[in-house]
Amino acid sequence: MPETQYRYLGDRHTANSLKGAVCVAVRNPAGKCIRGRNGAMLVRFVENGQTTVVIGRLLRKLP
């Protein structure tokens, strides 16, 4: 299954290094994205490999 890439828009509390950064969804063993009950999503940033939880509404899928 190909990795789905997203661009993280960030908000006013986001570090400048992460605004506009490309990330990929972390998937569970069944292949589904790991999402929280409040709409959060677990992602891994491509540039530095950092895994973090971000707000799903601030992610934009890349073609």
Side-chain angles (χ1 to χ4, degrees):
M1 175 175 262
E3 289 187 328
T4 306
Q5 289 191 338
Y6 299 92
R7 180 164 311 279
Y8 180 55
L9 301 178
D11 59 5
R12 65 180 181 203
H13 302 295
T14 304
N16 287 332
S17 61
L18 297 181
K19 287 184 181 179
V22 176
C23 57
V24 293
V26 176
R27 298 184 178 272
N28 64 15
K32 297 182 84 174
C33 298
I34 299 176
R35 297 288 303 245
R37 292 184 179 188
N38 59 355
M41 186 170 174
L42 186 64
V43 297
R44 187 181 71 250
F45 287 98
V46 174
E47 291 182 10
N48 56 10
Q50 176 184 0
T51 302
T52 188
V53 176
V54 298
I55 300 170
R57 292 189 323 262
L58 300 176
L59 293 171
R60 299 295 182 265
K61 190 181 284 190
L62 296 175

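Residue numbers count from 1 along this sequence. All values below were derived from every heavy atom in this structure, side-chain atoms included, with hydrogens, water molecules and symmetry-related copies excluded. Worth saying up front: this structure is predicted, and the values here are computed from it rather than measured.
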Qualifying salt bridge (Lys or Arg N to Asp or Glu O under 4.0 Å) pairs, either residue in residues 13-25, two or more places apart: none
Nearest non-hydrogen partners of N28 and I34, listed with the distance: N-CG1, 3.9 Å
Set of residues satisfying side-chain contact (heavy atoms from CB on, under 4.5 Å) with respect to N38, sequence neighbours excluded: A40
Taking every non-hydrogen atom, the tightest pair across V26 and V43: CG2-C, 3.9 Å
Pair listing, salt bridge (Lys or Arg N to Asp or Glu O under 4.0 Å) test, anchored in residues 33-56, at least two apart: E3-R44
Partner set under side-chain hydrogen bond (donor to acceptor under 3.5 Å, both in side chains) for Q5, not counting sequence neighbours: none
Quiz: residues 54-63 side-chain donor-acceptor pairs under 3.5 angstrom, not counting sequence neighbours:
| residue | atom | partner | partner atom | Å |
| --- | --- | --- | --- | --- |
| R60 | NH1 | R57 | O | 2.6 |

Residues that A25 engages under side-chain contact (heavy atoms from CB on, under 4.5 Å), provided they are two or more places apart: Y6, C33, M41
